[in-house]
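Below: one structure, written as structure tokens.
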Amino acid sequence: MKELNILELCKLYKNDMVFLTAHCSLRLDQRGITEDDIESALNNGEIIEQYPEDYPWPSCLILGYSNNRPLHICIGSNGEAAKLITAYWPDPEKWNSDFKQRKETES
């Protein structure tokens, strides 16, 4: 499957072609993440992980910033529309200081 492109995802967002489920909306509300946070993080973000085999659409993990705070966005797209899967403020205990790589877990 094709890897996603941040510019294409931003274009879909700008064209109001990014959708979210009721569950996703609830989780964003619980986490205090607004539409402005999502838009800001998408516009200055970068893809840090690709999941080209995800079903039903390839997806990726984006690191962006909103009000100087790191935000992770997981989003899937078929190229014509996108679905926001989730977004969260990354936990510094689980991510390296640049928030681009997960910390190694001890077995």
Side-chain angles (χ1 to χ4, degrees):
M1 295 298 281
K2 179 182 138 186
E3 289 193 343
L4 300 181
N5 175 292
I6 190 73
L7 296 177
E8 291 174 10
L9 294 170
C10 287
K11 184 177 178 182
L12 289 173
Y13 191 88
K14 182 180 175 197
N15 292 330
D16 203 26
M17 293 301 294
V18 175
F19 304 95
L20 42 127
T21 64
H23 175 76
C24 183
S25 293
L26 176 65
R27 297 296 283 162
L28 295 179
D29 190 48
Q30 290 171 339
R31 295 172 178 154
I33 298 170
T34 66
E35 286 185 40
D36 287 344
D37 292 325
I38 299 292
E39 183 175 13
S40 178
L42 271 177
N43 286 330
N44 67 55
E46 65 177 299
I47 295 174
I48 58 172
E49 294 181 4
Q50 293 271 359
Y51 313 117
E53 302 302 321
D54 268 4
Y55 179 85
W57 297 340
S59 66
C60 65
L61 182 63
I62 296 168
L63 167 63
Y65 288 82
S66 178
N67 298 313
N68 294 317
R69 188 173 176 194
L71 181 65
H72 281 170
I73 300 169
C74 189
I75 191 169
S77 176
N78 66 357
E80 295 176 16
K83 186 187 301 185
L84 187 68
I85 298 165
T86 194
Y88 56 91
W89 308 109
D91 182 346
E93 297 291 319
K94 296 179 182 178
W95 291 86
N96 288 345
S97 61
D98 64 2
F99 298 99
K100 293 181 182 181
Q101 291 185 317
R102 290 176 176 85
K103 289 183 176 179
E104 296 290 325
T105 57
E106 295 184 24
S107 304

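Residue indices begin at 1 and follow the sequence shown. For clarity, every value in this text was computed on a predicted model and none was experimentally measured.
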Exercise for the section: May I ask you to decide if Y65's main-chain N or O and S40's side chain share a donor-acceptor pair within less than 3.5 Å? Expected result: yes

Exercise for the section: Check whether the side chains of D37 and T34 place a donor and an acceptor atom closer than 3.5 Å, and report yes or no. Expected result: yes

Exercise for the section: Look at the side chain of N5 and the backbone N and O of L7, then say whether any donor-acceptor pair between them is shorter than 3.5 Å. Expected result: yes

Handout entry: Full working for side-chain contact (heavy atoms from CB on, under 4.5 Å) between D36 and S66
Key = CA-CA 8 Å; D36 287 344; S66 178; over 6 Å; no

Fill in the blank from the handout: Heavy atoms of W57 and G76 approach each other most closely as CE3-O, 3.7 Å

Practice task
For atom CG of N15, decide whether the heavy atoms of other residues, nucleotides or ligands shown that lie under 6.0 angstrom number more than 12.
Solution key: yes

Handout entry: D98 side-chain N/O to K100 backbone N/O, donor-acceptor pair under 3.5 Å
Key = yes

Completion exercise
For A41 and I73 the tightest heavy-atom approach is CB-CD1, 3.7 Å

Practice task
Hey, could you give me each pair passing side chain to side chain donor-acceptor pair (under 3.5 Å) that has a residue in residues 77-92? Not counting sequence neighbours.
Solution key: R31-T86, H72-Y88

Exercise for the section: Quick one: pull up CG in L84 and SG in C24 and give me the separation to the nearest 0.5 Å. Expected result: 4.0 Å

Exercise for the section: Show your working on side-chain contact (heavy atoms from CB on, under 4.5 Å) between L61 and Y51 and close with a plain yes or no. Expected result: CA-CA 8 Å; L61 182 63; Y51 313 117; 3.7 Å; yes

Problem - Linked, directly or transitively: L9 and I33 (ILVMFWY side chains, under 4.5 Å) - result: yes

Exercise for the section: Verify, without hydrogens or angle tests, whether Q50 (side chain) and L4 (backbone) share a donor-acceptor contact under 3.5 angstrom. Expected result: yes

Practice task
Hey, could you give me the SG/CD distance between C60 and E46, rounded to the nearest 0.5 Å?
Solution key: 11.5 Å

Handout entry: Y13 with F19, same ILVMFWY side-chain cluster at under 4.5 Å
Key = yes

Practice task
Would you give the length of the straight line joining atom CD1 of I62 to atom CD1 of I75, rounded to the nearest 0.5 angstrom?
Solution key: 5.5 Å

Exercise for the section: Answer with yes or no whether the hydrophobic clustering places L71 together with L12; edges join I, L, V, M, F, W, Y residues whose side-chain heavy atoms lie under 4.5 Å apart. Expected result: yes

Handout entry: Gap between atom CD of E53 and atom OG of S59 - 0.5 Å precision
Key = 10.5 Å

Exercise for the section: Measure the CH2-CD1 distance between W95 and I48 for me, rounded to the nearest 0.5 Å. Expected result: 4.5 Å

Problem - side-chain contact (heavy atoms from CB on, under 4.5 Å) evaluation trace for V18 with I38 - result: CA-CA 11 Å; V18 175; I38 299 292; over 6 Å; no

Handout entry: Neighbour count >12 (heavy atoms, 6.0 Å) for atom CD, E49
Key = yes

Handout entry: Interatomic distance, K103 atom NZ to E93 atom CD [nearest 0.5 angstrom]
Key = 5.5 Å

